[in-house]
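To start, the structure under review is shown below, and the notes come after it.
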Amino acid sequence: MSLNRFRLRMAEEISKTKLGSSSASASVSGSSAASAATNAAKSRWNILWPSSLRWIPTSTDNIIAAENRLLSILKTPYVQEQVNIGSGPPGSKVRWFRSSSDESRFINTVTFDAKEGSPTLVMVHGYGASQGFFFRNFDALASRFRVIAIDQLGWGGSSRPDFTCKSTEETEAWFIDSFEEWRKSKNLSNFILLGHSFGGYVAAKYALKHPEHVQHLVLVGSAGFSAESDAKSEWLTKFRATWKGALLNHLWESNFTPQKLIRGLGPWGPGLVNRYTSARFGAHSVGTVLTDEESRLLTDYVYHTLAAKASGELCLKYIFSFGAFARKPLLQSASEWKVPTTFIYGMNDWMNYQGAVEARKHMKVPCEIIRVPQGGHFVFIDNPAGFHSAVMYACRKYISQDSSHQELIPDGFQLV
């Protein structure tokens, strides 16, 4: 249908609606007629403009609502709150959002009920994710820990300030300092800190700066251990020489993110997200696939978190170079590690565990590396039971020492 024909069709439909409302005015009040006309117009508009072509709006409220729907399948009660972290680090001339505003910022936080005396486990999500990605783990972990999960600043249901960091140092400070202000607001100390992928990078950097608060570090498929110069092969150099590699490298350095694609696709964005979640955690899963309900709720949640205002996602090019190589790799700081650490990787994780093996050679603190079968980069979704066993084993000295709760490494797991 051409644009002009579409406009004529709409004009005809609106005229019919007006005529219908005029004839009805003799038997109903003016306001009722207007309401009926409006509803009729909306109904005809819905017929002419199918749902597949309508933009689906999002906002922080939509994200929190989608989060609540996703977490409604859990059995463990929890409290959701927006923790005020102020407008910037105390004494700093640079605010979270690089502006002169004194507007406070908030970290979206969920805290699960736990037995008195349980150790505190703080969970930090990775890039392109939010705390709801751990939905398959909260019930099991809450049976042994006081579980607290957060959305990092600029992600999920947390505040999304304008992101104008211009260096790796500024970008790291954005996440590390905002997490520290969150910790102060929650009055936490002596906790176990778990981070996944990019969240593992942030957790490790935080523990390097504030080791006095972290009891144990659990890094799950952690990014950021290798630099581009450490690459064992020349594949990246050769790929960059191709037109595809040059284009992708340009997009990376231009800070083109996957989230921008979701926003740009407008009404087709949810469909793309649905295809991704269905494929990654369904057809191409290396472990336990999502149920239909889990897939539907996760897809809805992921769409809203990705389609919201760009903020924390813009960290990408400042933390990593093209190929996901860290600009300031954790391997360079391994000798400065002060917190006992456990690395957890899925057997099929594309993130190479050899970076952790190399880092351990330079560490002066206890360090274990566990590989979990039937798990990829999202091992906690692919094989939740295996992931829980790995976390329990990593934290065995902090949880109950009762003989009925002795943690053993399960068969099929690999201690590297």
Side-chain angles (χ1 to χ4, degrees), residues 59-89 96-97 103-115 118-142 144-161 174-200 202-203 206-207 210 213-215 217-218 220 297-298 301-302 304-305 308-309 311-313 380 391:
S59 64
T60 299
D61 289 342
N62 289 127
I63 293 171
I64 298 299
E67 173 188 292
N68 288 333
R69 288 192 292 271
L70 178 62
L71 299 187
S72 69
I73 63 179
L74 303 179
K75 297 177 181 178
T76 308
Y78 69 92
V79 174
Q80 182 272 333
E81 60 181 328
Q82 296 280 22
V83 178
N84 190 331
I85 61 170
S87 59
W96 300 130
F97 43 99
E103 181 183 354
S104 292
R105 301 296 171 175
F106 300 87
I107 297 293
N108 184 42
T109 306
V110 291
T111 303
F112 291 84
D113 287 1
K115 297 176 183 177
S118 298
T120 299
L121 175 67
V122 177
M123 305 180 74
V124 182
H125 63 83
Y127 185 88
S130 301
Q131 54 85 5
F133 270 66
F134 295 116
F135 75 99
R136 276 188 153 186
N137 316 117
F138 290 138
D139 277 337
L141 295 179
R144 307 299 291 279
F145 302 93
R146 177 193 177 208
V147 175
I148 305 176
I150 68 164
D151 288 332
Q152 297 190 71
L153 183 65
W155 294 96
S158 292
S159 296
R160 292 178 177 245
W174 163 287
F175 294 105
I176 295 169
D177 293 348
S178 60
F179 183 86
E180 171 61 4
E181 292 308 303
W182 171 85
R183 183 202 65 79
K184 291 177 183 177
S185 294
K186 291 291 290 180
N187 193 28
L188 290 176
S189 192
N190 204 34
F191 55 88
I192 300 164
L193 180 57
L194 182 152
H196 170 244
S197 195
F198 171 68
V202 173
Y206 175 83
H210 301 283
H213 301 304
V214 183
Q215 195 174 32
L217 197 56
V218 181
V220 183
L297 293 173
L298 182 62
Y301 173 70
V302 172
H304 284 292
T305 61
K309 174 189 172 182
S311 182
E313 75 193 62
F380 46 90
V391 173

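Keep in mind it's a predicted model, so treat the numbers as computed, not measured. The first residue in the sequence is number 1, and the count goes up from there.
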Side-chain heavy atoms of [X] within contact of [Y], under 4.5 Å:
| X | Y | answer |
| --- | --- | --- |
| Arg160 | Ile63 | yes |
| Ile107 | Lys186 | no |
| Asp151 | Phe106 | no |
| Phe191 | Arg183 | yes |
| Gln131 | Gln80 | no |
| Phe179 | Val202 | no |
| Ser158 | Ile150 | no |
| Phe135 | Leu297 | no |

Under the side-chain hydrogen bond (donor to acceptor under 3.5 Å, both in side chains) test, residues paired with [X] that sit two or more places apart:
| X | value |
| --- | --- |
| Asp113 | none |
| Thr109 | Trp182 |
| Thr76 | Asp139 |

Nearest 0.5 Å please: distance from the [atom1] atom of [X] over to the [atom2] atom of [Y].
| X | Y | atom1 | atom2 | value |
| --- | --- | --- | --- | --- |
| Ser59 | Lys309 | OG | NZ | 13.5 Å |
| Met123 | Leu141 | CE | CG | 5.5 Å |
| Ile73 | Leu71 | CD1 | CG | 8.0 Å |
| Leu121 | Arg146 | CG | CZ | 11.0 Å |
| Leu193 | Thr120 | CG | OG1 | 11.5 Å |
| Asn108 | Ile64 | CG | CD1 | 3.5 Å |

*Measure the acute angle between the ring planes of Phe112 and Tyr78, then classify it against the limits of 30° and 60° as parallel, tilted or perpendicular.*
tilted
*Ring geometry between Tyr127 and Trp155 (parallel below 30°, tilted from 30 to 60°, perpendicular above 60°)*: perpendicular
If I compare all heavy atoms of [X] with all of [Y], which pair ends up nearest, and what's the gap?
| X | Y | result |
| --- | --- | --- |
| Leu153 | Ser159 | CD1-O, 3.7 Å |
| Gly126 | Ser197 | CA-CB, 4.4 Å |
| Tyr301 | Ala66 | CA-CB, 3.8 Å |
| Ser311 | Pro161 | OG-O, 2.6 Å |

Could you check whether any side-chain N or O of [X] sits under 3.5 Å from a backbone N or O of [Y], counting only pairs where one atom can act as donor and the other as acceptor?
| X | Y | answer |
| --- | --- | --- |
| Arg105 | Ile85 | no |
| Thr305 | Gly156 | no |
| Glu180 | Tyr206 | no |
| Asn68 | Ala65 | no |

*Candidate pair Val124 and Phe175, rule side-chain contact (heavy atoms from CB on, under 4.5 Å), full reasoning*: CA-CA 11 Å; Val124 182; Phe175 294 105; over 6 Å; no
_I'd like to know whether Phe145 forms a side-chain contact (heavy atoms from CB on, under 4.5 Å) with Val391, so could you lay out the CA-CA distance, the side-chain angles of the two residues, the decisive distance to 0.1 Å, and finally the verdict._
CA-CA 11 Å; Phe145 302 93; Val391 173; 4.2 Å; yes
*asked:* For His125 and Phe133: C-alpha separation, side-chain torsions, deciding distance, then whether side-chain contact (heavy atoms from CB on, under 4.5 Å) applies.
replied: CA-CA 7 Å; His125 63 83; Phe133 270 66; 5.7 Å; no
*Pick out which of Leu188, Val214, Val147, Thr111 makes a side chain to side chain contact (heavy atoms under 4.5 Å, CB included) with Val122.*
Leu188
